[in-house]
Amino acid sequence: ASPASYGNLCTHFARTLAMTSPSALPESETAKLAQAQTPALHQLQVDPNAWISLRQMAGLLLKNAIASPPPANSDPSVQTDGLGRPAGGYMKLLPEYAAEIKPILLRCVSDPDLNIRRVASTTVSSAAISNKARGRMANMPISEWPELLPYLLGCVESGLTDTGRNENAAAALDGSLLTLRKMIEDNPTEFEHNAGPAFANLVPLLLGTFQSPTDRVKKEGLRCINNLIMTMPGGLIVHMNDYLGGLSALAADESWEVRRLVCQAIVTMLSLRTEYLQPHFPAIAEFMLKATSDPNEDVALEACEFWLTVASLEEEACTNEMYEYVGGLLPRLMPVLLRGMVYSEEQRIELLDANELDESNAADRSQDVAPIFHTSSAKRGGDESDDEGEDPDEDNDWNVRKCS
């Protein structure tokens, strides 16, 4: 592959992604399909879903081509490094091809169809942000894409201020939030450092999503800011009171997914940036106590993580006032945790059946009676396989019972 053929391939994928109907096909391509007497052209013309699927496939192929480019030197004799990467590096899109693909992707981020918005947002993130954990370098880095963040933030602002329920504005808002979230998730540090001056407007606009009547908008806004907690940019520090106030306002939201994300934000802050929660700890602890009894198990689990995180805090992170307040809550907290530890009727039946199968005269091995130590999800980094020892439950999913 040459840089020109690689660029042409990516450009064709992008053009197909952007075609809103079969009528946009070049006449030469339509003639080829007609001459081949294939039913594909007729199906694309009469079935909108088939056309959407074709566009979506083109977007996925574009994402893969950009995220996993061919080696810069296609000579098979060129050696690779210890990780299997070509010593000469990977091919980059030439500026003339990137110049055509970038505006196409921005248009598709605002596409009326959700599937197209999703694939476009993933492609933008893969192109603009590197992910070293996955061995992926940015082929169209955000530092060389100055119009990217201003465009996304403009769509967010327009969508939040639109009072006429404009479908195009709503689609652009949704696609832009998806794209922002994926970029921040992939590499928050790189995103912050290379996003340019427009980054200063990011947090205030994301805070505006907390007041949206649409659950999806609130959820994406929460996910975006929650992913910024680890790097704690200055823009979030400046608006910390507004952020905490926004979380408080969403604490009783009707959507369980929103409530879960509120709890997740508090647990992450407590684990990584405790100092910002210390002045508000009594109110936060009361809320998390209530949330630990939430009828939705996902919300209850996320809230239960709060107490596990409190117990795991380093001494310097937990003030005497925090210790004293948690101590005062114990008469109300302990019954909640004990209720959470109870097996369901179905689990009890399964355990009794399993015990009957396991009964034998053989002595217990050391690993059978080894103690189990659990840590909070923030300490585990989201990996639930780091517990020391194995839980006796056959079901290895992290749940309220185990967390309690």
Side-chain angles (χ1 to χ4, degrees), residues 14 17-21 48-49 51-53 55-60 62-63 101-129 142 145 147-186 188 191 195 198-199 201-228 243 246-247 249-250 253-262 264-265:
L17 172 65
M19 289 182 187
T20 55
S21 70
N49 290 330
W51 186 251
I52 291 294
S53 297
R55 295 177 62 198
Q56 191 176 6
M57 180 59 68
L60 290 172
L62 174 61
K63 188 268 291 185
I101 293 172
K102 287 176 180 179
I104 288 177
L105 288 174
L106 295 185
R107 289 201 306 273
C108 292
V109 161
S110 304
D111 195 90
D113 188 89
L114 175 59
N115 293 315
I116 301 303
R117 294 198 298 272
R118 282 175 172 165
V119 72
S121 65
T122 301
T123 305
V124 170
S125 178
S126 298
I129 301 294
I142 191 172
W145 197 346
E147 63 274 20
L148 173 57
L149 188 56
Y151 174 84
L152 297 175
L153 296 183
C155 290
V156 172
E157 184 174 14
S158 298
L160 292 176
T161 57
D162 176 63
T163 57
R165 298 182 181 274
N166 184 293
E167 292 184 1
N168 291 333
L173 169 62
D174 178 71
S176 296
L177 288 173
L178 277 173
T179 308
L180 288 168
R181 190 249 297 172
K182 290 174 183 178
M183 289 195 294
I184 296 170
E185 279 180 351
D186 278 352
F191 178 79
F199 184 83
N201 301 321
L202 175 66
V203 172
L205 283 173
L206 291 177
L207 290 174
T209 63
F210 290 9
Q211 301 172 21
S212 171
T214 306
D215 288 345
R216 184 177 174 83
V217 172
K218 287 184 286 191
K219 288 186 291 184
E220 290 300 340
L222 277 165
R223 290 187 180 110
C224 285
I225 296 190
N226 290 358
N227 283 309
L228 288 172
Y243 176 48
L247 293 178
L250 294 176
D253 196 271
E254 294 181 359
S255 167
W256 69 264
E257 293 176 282
V258 170
R259 298 197 306 276
R260 183 185 66 81
L261 286 166
V262 169
Q264 183 186 78

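For clarity, every value in this text was computed on a predicted model and none was experimentally measured.
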Nearest atoms (heavy-atom pairs only) where G59 meets L17: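 Closest approach of G59 to L17: CA-CD1, 4.0 Å.
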Closest approach of M183 to L152 (non-hydrogen atoms, all atoms of both residues):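 Looks like CE-CD1, 3.6 Å.
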Salt bridge (Lys or Arg N to Asp or Glu O under 4.0 Å) partners of residues 148-158, not counting sequence neighbours, each pair once: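 Every pair satisfying salt bridge (Lys or Arg N to Asp or Glu O under 4.0 Å) with a residue in residues 148-158: there are none.
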Selection residues 203-212 - residue pairs positive for salt bridge (Lys or Arg N to Asp or Glu O under 4.0 Å), sequence neighbours left out: none
Could you pull out all residues at least two apart from [X] that satisfy side chain to side chain donor-acceptor pair (under 3.5 Å)?
X    : value
R260 : none
R223 : E220
E257 : K219

Are [X] and [Y] side-chain neighbours, meaning at least one heavy-atom pair lies under 4.5 Å?
X    : Y    : answer
L250 : L261 : no
V156 : L180 : yes
V124 : I129 : no

Residue pair D215, D253: steps toward the side chain to side chain contact (heavy atoms under 4.5 Å, CB included) verdict: CA-CA 9 Å; D215 288 345; D253 196 271; 4.0 Å; yes
For E147, salt bridge (charged side-chain N to carboxylate O under 4.0 Å, His left out) partners two or more places apart: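 Here no residue qualifies.
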With K63 via salt bridge (charged side-chain N to carboxylate O under 4.0 Å, His left out) - residues at least two apart: none
Backbone of [Y] reached by a side-chain donor or acceptor of [X] within 3.5 Å:
X    : Y    : answer
T214 : R216 : no
T161 : S158 : yes
W145 : A195 : no
T209 : L206 : yes
R117 : D174 : no

Mind checking side-chain contact (heavy atoms from CB on, under 4.5 Å) for [X] and listing every partner two or more places apart, or none if nothing turns up?
X    : value
A198 : L149, P150, L153
S121 : L178, T179, K182
A170 : none
Y243 : L207, F210, I225, N226, I229, L236, M240, L247, A265, M269

Side chain to side chain contact (heavy atoms under 4.5 Å, CB included) between L160 and V217, intermediate numbers included: CA-CA 9 Å; L160 292 176; V217 172; 4.3 Å; yes
Donor-acceptor contacts, no H, no angles, side chain residues 101-113, under 3.5 Å, sequence neighbours left out:
residue: K102; atom: NZ; partner: E144; partner atom: O; Å: 2.8
residue: S110; atom: OG; partner: Y151; partner atom: OH; Å: 2.9
residue: D111; atom: OD1; partner: R55; partner atom: NH2; Å: 2.8
residue: D111; atom: OD2; partner: D113; partner atom: N; Å: 2.9
residue: D113; atom: OD2; partner: N115; partner atom: N; Å: 2.9
residue: D113; atom: OD2; partner: I116; partner atom: N; Å: 3.3

